[in-house]
Amino acid sequence: MFVNGRAVAAEPGMSVATLVAQWCPSAEGIAVARNGEVVPKSAWPSTDLGDDDRVEIVTASAGG
Amino acid sequence: MAEMADPFVIAGRTIGSRLIVGTGGITSLDVLDAVLEASAASLATVAVRRVDPAGRGGILDVLRARHVEVLPNTAGCFTAAEAVLTARLAREAFGTSWIKLEVIGDEDTLLPDAVELLAAAEQLCDEGFVVLPYTNDDPVLARRLEQAGCAAVMPLGSPIGSGLGIRNPHNIALIAERSSVPVVLDAGIGTASDATLAMELGCDAVMVATAITRCRQPVRMAAAFRGAVEAGYEARQAGRIPRRWQAQASSPVEGMMTLDAPPLDAPPLDAPA
């Protein structure tokens, strides 16, 4: 699968929550889109990821 | 004092300052913190970007510690679809339904794409967002955005980051005069006097990023903008004098002396004969 544009091996049964924990020190100020749709935080543990998924993990950055 | 009497309100929320700060271009979080303090801003924009694997961040912590509300933007989006997704992500990430909507037409000018902007605004308003669109200095488009349900309009003075100031003051004044939602001048501000002019033209607030973050002394400039926005607002409220083609003496004519002046070559009165 692709996470923030990088090819990443999807571990079997990996959830969005697990992925975020790997990528971010804290889930504060983080949002996730999977294949162009927002995955609400409440659905992170129950949303499993597969090889075809394109995931974006975003946060605040200086801008505007 | 005057702001207490006439608060700056967007979508029912009172904003403590008429200067909105953009964090784009800031060189460090320490500088950002000092800029926020000097500006007295109560609202600041952030962009939504991929998390940095190196773990850099903390901009939200700086804003929170200063009690500055986050205004996420959709900077970098070229289509309504991209902007709508970015707004939804921002709402999820930061817990705010406020969005500074930017949909640009090309990378050279960074000017808004009116068609995509309006489509995104309509969609986001339908979804319950408080939409503050970055728009052209076009009174008709501003009205269309207002009719779509936007909570404010943010017309540009000139292209983003250009520092060219307000290129069409007449249009900005028209937008301010005709709008029933707050007008925030956004983009193109180069220095403090540009912000003063925006307020004198009738804008409710000014948004400044580059002019502060990329100048030689950002903290000093932030303080200058704080004063400039307040000065423009106060001058606008005070009601300027009309412009005249000819002079109008400020000293009264009444009471003028009628003594004949001595010739210029006459000796001084106290000179010895």
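Here is the naming used below: chain letters follow the sequence lines, and residue numbers restart at 1 for every chain.
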Asker: Nearest 0.5 Å please: distance from the CD1 atom of A:Ile30 over to the CZ atom of B:Phe94.
Answerer: 8.5 Å
Asker: Mind checking the CG-CD1 spacing from B:Leu89 to A:Ile57? Nearest 0.5 Å is all I need.
Answerer: 11.0 Å
Asker: Quick one, A:Val58 and B:Val51 - any side-chain contact, counting heavy atoms below 4.5 Å?
Answerer: no
Asker: Could you check which of B:Asp186, B:Thr45, B:Ile160, B:Thr74 has the highest count of heavy-atom pairs closer than 4.5 Å to chain A?
Answerer: B:Thr45
Asker: To the nearest 0.5 Å, how far apart are CG in A:Asn4 and CG in B:Asp52?
Answerer: 10.0 Å
Asker: Tell me, for A:Val39 versus chain B, whether the close heavy atoms (under 4.5 Å) come from the side chain, the backbone, both or neither.
Answerer: backbone
Asker: Looking at B:Arg50 and A:Glu56, does any basic side-chain N land under 4.0 Å from a carboxylate oxygen?
Answerer: yes
Asker: More than 12 heavy atoms of other residues, nucleotides or ligands under 6.0 Å from CG of A:Asp52: yes or no?
Answerer: no
Asker: Please report the shortest heavy-atom distance between A:Gly29 and B:Leu60, naming the atom on each side.
Answerer: CA-CD1, 3.9 Å
Asker: So which of A:Cys24, A:Ala33, A:Ala62 has the biggest tally of heavy-atom pairs under 4.5 Å with chain B?
Answerer: A:Ala62
Asker: Just checking B:Arg13: does its CZ atom have more than 12 heavy atoms from other residues, nucleotides or ligands closer to it than 6.0 angstrom?
Answerer: yes
Asker: I need the minimum non-hydrogen distance between B:Val46 and A:Ala60, along with the two atoms involved.
Answerer: CG2-CB, 4.0 Å
Asker: If you look at every heavy atom in B:Ala209 and A:Gly64, which pair is closest and at what distance?
Answerer: CB-O, 3.2 Å
Asker: Would you call A:Glu28 and B:Arg64 a salt bridge, using N to O less than 4.0 angstrom?
Answerer: yes
Asker: Taking the side chain from B:Glu92 and the backbone from A:Val32, do they hold a donor-acceptor pair closer than 3.5 Å?
Answerer: no
Asker: Whether the side chain of B:Thr23 engages the backbone of A:Gly63 through a donor-acceptor N/O pair (distance < 3.5 Å, no angle test) should be reported.
Answerer: yes
Asker: Flag the one option from B:Ala93, B:Gly76, B:Gly22 with the top tally of heavy-atom pairs under 4.5 Å to chain A.
Answerer: B:Ala93
